[in-house]
Protein chains: 2
Amino acid sequence: MSEQPRILPSIRKAPAGRQPAVAPYEPLCAIFRRYLHKEKLKFTPERALILEAVLRKTGLFQAESLTEDLRRAGHRASRATVYRTLSHLQDAGILKQVFFDNKQSYFEVVAGRQANDYLICLSTGKVIEFSSQKLRQLRDEICREHGFDPVSHQLHIYGISPEGRAAEKG
Amino acid sequence: MSEQPRILPSIRKAPAGRQPAVAPYEPLCAIFRRYLHKEKLKFTPERALILEAVLRKTGLFQAESLTEDLRRAGHRASRATVYRTLSHLQDAGILKQVFFDNKQSYFEVVAGRQANDYLICLSTGKVIEFSSQKLRQLRDEICREHGFDPVSHQLHIYGISPEGRAAEKG
DNA sequence: CTGATTGCAAACACTTTGCAGCAGA
DNA sequence: TCTGCTGCAAAGTGTTTGCAATCAG
């Protein structure tokens, strides 16, 4: 029995990996506004700014870093509003929240994407996002066996990347 | 684009599902003692009690519920010691920590088990643990493509269980 | 107009940590 | 004896919430 891997602190600090393209603002803003309208919520300047900032993010990001982005761009942005908006963006199907540890959570744009899955290097903390058709098929198969209707999934694979292996030998 | 599923509060409260058999104390205690000795740590009565309590758990559990178990059994057990011991049990490869949300974490005995994967009902909050050989093969394949050495993985599938479907129709 | 929204700061809740006394090996 | 361990309470930290003023529709 081997020692159970633990997520390294480095992951909490700065998850990095292949950087997917930035998502386009217009169509997602339309989705957001439709959602807000349906829920009798309002489209405020703050929400627009936050959505813009979210869409400028590539890959995983943290609430705090989003707030920093906004401040750097000269916009006021209270943590509270950022969190509240991130929550709405999830409900609108634009974002999803990912949990790698119990300290904080990460967010990621999902609208129009398929990547739900991560390769996480236990040595360097690097996170690579990927998507697998085979995995989705297997997921559906497993769901059928249990009578589940699949909605979504999330796979985290922990391992050692080539760089991590090199670093450990070095 | 469908609305992004969010983990229901019920999951945070009382994850339940198929109950795997309780793990045997003796062999795992031996593993723990070996680990402690190797790390120049001590095998204390508190650690023994906590390991026992852990092994009486079936499926996922929370640190707090473990502390309650201990108190109910008439043992003093400070949160601090429980957390510290849970951490050692992870390092010893006996436990693993699972993150479903950012509020708290769950623990699960993994020594000698293969089940790393969960089917989570978004309607009822029920969690079913399962293990799939095909998934492990697919994982290894994906790792090969990225030059990773796989260490472990975790798959969370969100969906609607038969019971949930019935409840939603009712 | 009227109810939703915002920023602020206080509140939360799980977890970690500092410390002084205690106890395995 | 010599470290490591324990319980306690305080600190830590990402996130949430109450509230009064403000604003979108």
Side-chain angles (χ1 to χ4, degrees), chain A residues 6-7 9 11-15 29 32-51 53 60-68 70-71 75-92 95 97-107, chain B residues 6-7 9 11-13 15 29 32-51 53 60-68 70-71 75-91 95 97-107:
Chain A
R6 318 245 327 238
I7 298 177
I11 292 183
R12 297 181 194 144
K13 293 308 168 193
C29 185
F32 191 34
R33 298 186 76 142
R34 207 173 306 141
Y35 162 79
L36 291 173
H37 186 258
K38 190 185 71 180
E39 300 292 323
K40 300 203 196 321
L41 303 175
K42 292 169 181 173
F43 184 73
T44 64
E46 288 82 2
R47 287 177 180 169
L49 284 171
I50 292 169
L51 175 57
L60 297 169
F61 65 89
Q62 298 161 40
E64 183 57 25
S65 104
L66 195 70
T67 309
E68 279 167 25
L70 288 165
R71 290 204 203 282
H75 303 299
R76 69 197 180 303
S78 68
R79 276 171 176 65
T81 299
V82 167
Y83 280 108
R84 286 185 280 230
T85 303
L86 287 175
S87 179
H88 285 131
L89 287 171
Q90 274 185 88
D91 291 340
L95 274 187
Q97 204 167 5
V98 187
F99 305 104
F100 287 126
D101 61 53
N102 51 13
K103 291 291 187 207
Q104 63 201 127
S105 47
Y106 297 86
F107 296 87
Chain B
R6 318 256 313 248
I7 298 175
I11 291 182
R12 297 181 193 144
K13 294 307 169 191
C29 185
F32 192 34
R33 298 187 76 141
R34 207 174 306 140
Y35 162 80
L36 291 173
H37 186 258
K38 190 184 71 177
E39 299 291 324
K40 302 204 193 325
L41 303 175
K42 292 167 183 177
F43 185 74
T44 64
E46 288 81 2
R47 287 178 179 171
L49 285 171
I50 292 169
L51 176 56
L60 297 169
F61 65 90
Q62 299 162 41
E64 184 57 26
S65 104
L66 195 69
T67 310
E68 279 168 25
L70 287 164
R71 290 203 204 281
H75 303 299
R76 68 197 180 304
S78 68
R79 275 172 177 65
T81 299
V82 167
Y83 279 109
R84 285 186 281 232
T85 303
L86 288 175
S87 179
H88 285 133
L89 287 171
Q90 275 185 86
D91 291 340
L95 274 187
Q97 206 168 2
V98 186
F99 306 106
F100 286 125
D101 60 55
N102 50 12
K103 292 289 185 208
Q104 64 201 125
S105 47
Y106 297 85
F107 296 87

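The structure displayed is predicted, hence computed values, not measured ones. Residue numbers start from 1 in every chain, and the chains themselves are labelled A, B, ... in the order their sequence lines are given, proteins ahead of strands.
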side-chain contact (heavy atoms from CB on, under 4.5 Å) partners of A:Arg47, counting only residues at least two apart: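 A:Arg47 satisfies side-chain contact (heavy atoms from CB on, under 4.5 Å) with A:Phe32, A:Leu36, A:Leu41, A:Thr44, A:Thr85, A:His88 once adjacent residues are dropped.
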Please list, for nucleotides 7-11 of chain D, all pairs of protein and nucleotide N/O atoms separated by less than 3.5 Å.
residue : atom : partner : partner atom : Å
D:dG7   : OP2  : B:Ser78 : OG           : 2.6
D:dG7   : OP2  : B:Thr81 : OG1          : 2.2
D:dG7   : N7   : B:Arg84 : NH2          : 3.0
D:dG7   : O6   : B:Arg84 : NH2          : 3.4

Contact check, side chains of B:Glu46 and B:Arg76, non-hydrogen atoms, under 4.5 Å: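 Yes - at least one pair of side-chain heavy atoms lies under 4.5 Å apart.
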Side-chain heavy-atom pair A:Leu60, A:Phe100 within 4.5 angstrom cut-off: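 Yes, side chains in contact.
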[X] [atom1] - [N] [atom2] separation (whole Å):
X        : N      : atom1 : atom2 : answer
B:Gln104 : D:dT16 : CD    : P     : 14 Å
B:Arg47  : D:dC5  : CZ    : C1'   : 6 Å
A:Asp101 : D:dG14 : CG    : P     : 10 Å
A:Gln62  : D:dT13 : CD    : P     : 14 Å
A:Leu86  : D:dT15 : CG    : P     : 9 Å
B:Phe99  : D:dG14 : CZ    : P     : 15 Å
B:Glu39  : D:dC5  : CD    : C1'   : 16 Å
A:Leu66  : D:dT15 : CG    : P     : 12 Å

Earlier contact from the 5' end, DNA chain C, for A:Pro45 and B:Ala63: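 Result of the comparison: A:Pro45.
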Overall bend - the helix from C:dC1-D:dG25 to C:dA25-D:dT1, comparing terminal axes fitted on five pairs, nearest 10 degrees: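 It comes to 40° between the two terminal axes.
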By salt bridge (Lys or Arg N to Asp or Glu O under 4.0 Å) - contacts of B:Arg71 (at least two apart): none
By salt bridge (Lys or Arg N to Asp or Glu O under 4.0 Å) - contacts of A:Arg34 (at least two apart): none
Smallest separation among heavy atoms of B:Leu89 and B:Leu51, with atom names: CD2-CD1, 3.8 Å
Closest heavy-atom pair and its distance - B:Val82, B:Ala77: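 Smallest interatomic distance, heavy atoms only, reads CG2-CB, 4.3 Å.
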Counterpart residues, side-chain hydrogen bond (donor to acceptor under 3.5 Å, both in side chains), relative to B:Arg79 (two or more places apart): B:Glu64
For B:Ser105, all residues meeting side-chain hydrogen bond (donor to acceptor under 3.5 Å, both in side chains), sequence neighbours excluded: A:Asn102, B:Gln97
Terminal contacting nucleotides, 5' and 3', DNA chain C versus chain B (heavy atom, 4.0 Å):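 The protein-touched segment is C:dC14 to C:dA25.
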Below 4.0 Å: OP1/OP2 of D:dC23 and any side-chain N or O of A:Thr44: no
What nitrogen or oxygen pairs link the protein and nucleotides 1-3 of chain D at under 3.5 Å?
residue : atom : partner : partner atom : Å
D:dT3   : O2   : B:Lys42 : NZ           : 2.7

